[in-house]
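Start at 1 and go down the list; that is how both ligands and their atoms are numbered. Numbering of residues begins at 1 and proceeds along the displayed sequence. Source: prediction; values computed, not measured.
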Amino acid sequence: MATSAASGVMNPLIGKFTKLMGDEYKKLKGVRKGVAFLRDELSAMNAALEKLEFMEKLEPGTKDWRDHVREMSYDMENCIDDFMKDIGGADASASADFVKRMSRRLKTLKVRHRIAGEIQELKARAVEANERRLRYKIDDCNTSCGSVDIDPRISVMYKDAAGLVDTDGPKKEVASLLAVTEKKLKVVSIVGFGGLGKTTLANQVYDDLEGQFDCKAFIPVSQKPDMPRLLNSLRLKLGINESSGICEVQDIIGQLRKHLANKRYFIIVDDLWDEEAWDIIRCAFPEDGNGSRVIVTTRVEAVAISACSYHYEHIYKMKPLSSENSRRLFTSRVFGSENKCPSNFEEVSNEILKKCGGLPLAIITIASLLASRRERSRNDWENIRNSLGAQFSINPTLKGMRSILNLSYMNLPLHLRTCFLYPGMYPEDYEILRDELVRQWMPKALSVICMEQIWRTLG
Ligand SMILES: Nc1ncnc2c1ncn2[C@@H]1O[C@H](COP(=O)(O)OP(=O)(O)OP(=O)(O)O)[C@@H](O)[C@H]1O
Ligand SMILES: [Mg+2]
């Protein structure tokens, strides 16, 4: 991703150099030559940077070169911005006024001298960086993962994601923990590693049981919850319309308690990370013997225990998918309607699945990656198998999952990688509106073809 950031800086910079070569700057005779030189040098470096984006691991020397180029690009951009400001404003329109103003300014020896000096200095840095590029043979780097176009089938596959496997058993178990024999408020925790399917299971149970309750809501919490916002959103989900300027946590809690009192409610508190957050959220749930239920999902065992007040028997521990169910999920995702793995892919599929350790998120990510390959080749699958850490199935750590997600990211074409990074600007669990996201992408001069592809992928 660091390389992506580097070429992300480089592209606008090359654009600025191209602008300086345009008609409106043609009076800058001496400077234009230097600018043309810099643009060509940067374009060559950018091509190398783009190539590096497809590589998972970089040699230390290559990494250094990439970081060096990134720093240099920032400096160059600052310098060019100052330069444009000096000669008439960053928004250099082609107005006659501007050209006159600029050429008048350039006549002052001081400005001309400074600009010429700076261009010389930038040239020296660019030459040095390009020489290092040749020295490190960066252009010869092997691209182990080639760019792939997104297969139009992929959107269909994501819709098939509704095809969950092995949910009946876990759903029954959680439902029995929630059974309404007790009138007291009961909290059930679902605990397990990231990507094991906690949220999916809680959702399934919610869909099945919601009819038995007077009111219900699903609230995502996340690592650093903004408590007033979270409680306010719970208020809205429960249909509390009393509009007031209330924004103090205890006032919102008071309102929630009043609303929930004497009702049988069912609330899912999804993705809870710490006990402090729970200590606040739980205050909103009155205990008045109506058979109300709360499900908490969390990755953290201590939080699961504390949420159900140390009733260990109220905890449901997520289990990984069995190898048979893993294969079902994988096969339906990769082969779609064929739903059968060709015999020459069986062995490599089994090895890939072994490395996924029964984790649905890992299986889906890898399956989607394989499904998106334009051609199905065993060699390609074996390369992907080799890229997966062997330790993941034994010890499914976040690092292992990250490497699986990274592999999938590395296989996106460049323009989609940039799009993919945008949602990272939003806080965790924030509801991202599709149109808003597309508006953010637009000014980045994404090509029409690219936008069409994205629309197709979004359905
Ligand atoms: N039983 C299943 N069958 C098929 N796909 C599943 C199943 N369970 C989960 N998934 C898929 O796996 C992915 C991860 O699931 P989910 O978000 O529920 O995990 P999680 O345990 O809540 O993770 P986190 O701790 O990060 O919140 C989702 O894309 C979901 O659709
Ligand atoms: Mg979750």
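Considering only heavy atoms from C-beta on, L209 comes within 4.5 Å of F266 through its side chain. Taking the side chain as every heavy atom from C-beta outward, T298 and D271 never approach each other to under 4.5 Å. Within the 4.5 Å cutoff, the side chain of I267 has heavy atoms near those of the V269 side chain.
For the side chain to side chain contact (heavy atoms under 4.5 Å, CB included) with F330, the qualifying choice from I364, N350, L353 is L353, the only one to do so.
If you look at N325 next to ligand 1, there are no close heavy atoms at all, none under 4.0 Å. In L329, the part holding a heavy atom less than 4.0 Å from any atom of ligand 1 is the side chain.
When the heavy-atom distances from atom 13 (C) of ligand 1 to T298, L361, T297 are ranked, the shortest goes to L361. Which of R333, Q204, R299, M318 comes nearest to atom 26 (O) of ligand 1 through a heavy atom is settled by distance: it is R299. Counting heavy atoms only, T200 comes closest to atom 16 (P) of ligand 1 of the residues T200, T167, N203.
Within the 4.0 Å heavy-atom cutoff, D166 does not count among the residues contacting ligand 1.
S322 and N325 share a side-chain donor-acceptor pair at under 3.5 Å. In summary, the side chains of N383 and W381 do not present any donor paired with an acceptor at a separation below 3.5 Å, with no hydrogens or angles considered.
Every N/O-N/O distance between D271 and ligand 1 stays at or above 3.5 Å. Ligand 1 has a nitrogen or oxygen under 3.5 angstrom from a nitrogen or oxygen of L196. Checking only distances, L321 never comes within under 3.5 Å of ligand 1, N or O to N or O. In terms of polar-atom proximity, defined here as any N/O pair under 3.5 Å, G192 makes no such contact with ligand 1.
Below the 2.8 Å limit, the Mg ion (ligand 2) has as protein N, O or S neighbours T199 OG1.
A side-chain donor-acceptor contact under 3.5 Å links R293 to the backbone of L178.
Near L164, with a cut-off below 4.0 Å to any heavy atom, the atoms of ligand 1 are 2 (C), 3 (N), 4 (C), 5 (N), 6 (C), 7 (C).
The neighbour count for R378 CZ, taken as heavy atoms of other residues, nucleotides or ligands under 6.0 Å away, does not exceed 12. By the 6.0 Å contact criterion, NZ on K319 is enclosed, its count of non-hydrogen atoms from other residues, nucleotides or ligands being greater than 12. With a 6.0 Å radius and a threshold of 12 heavy atoms from other residues, nucleotides or ligands, E324 has its CD atom at or below the threshold.
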- Task: Just do the side-chain contact (heavy atoms from CB on, under 4.5 Å) check on L230 and I281 with the steps written out, would you?
- Result: CA-CA 9 Å; L230 185 142; I281 297 170; 4.1 Å; yes
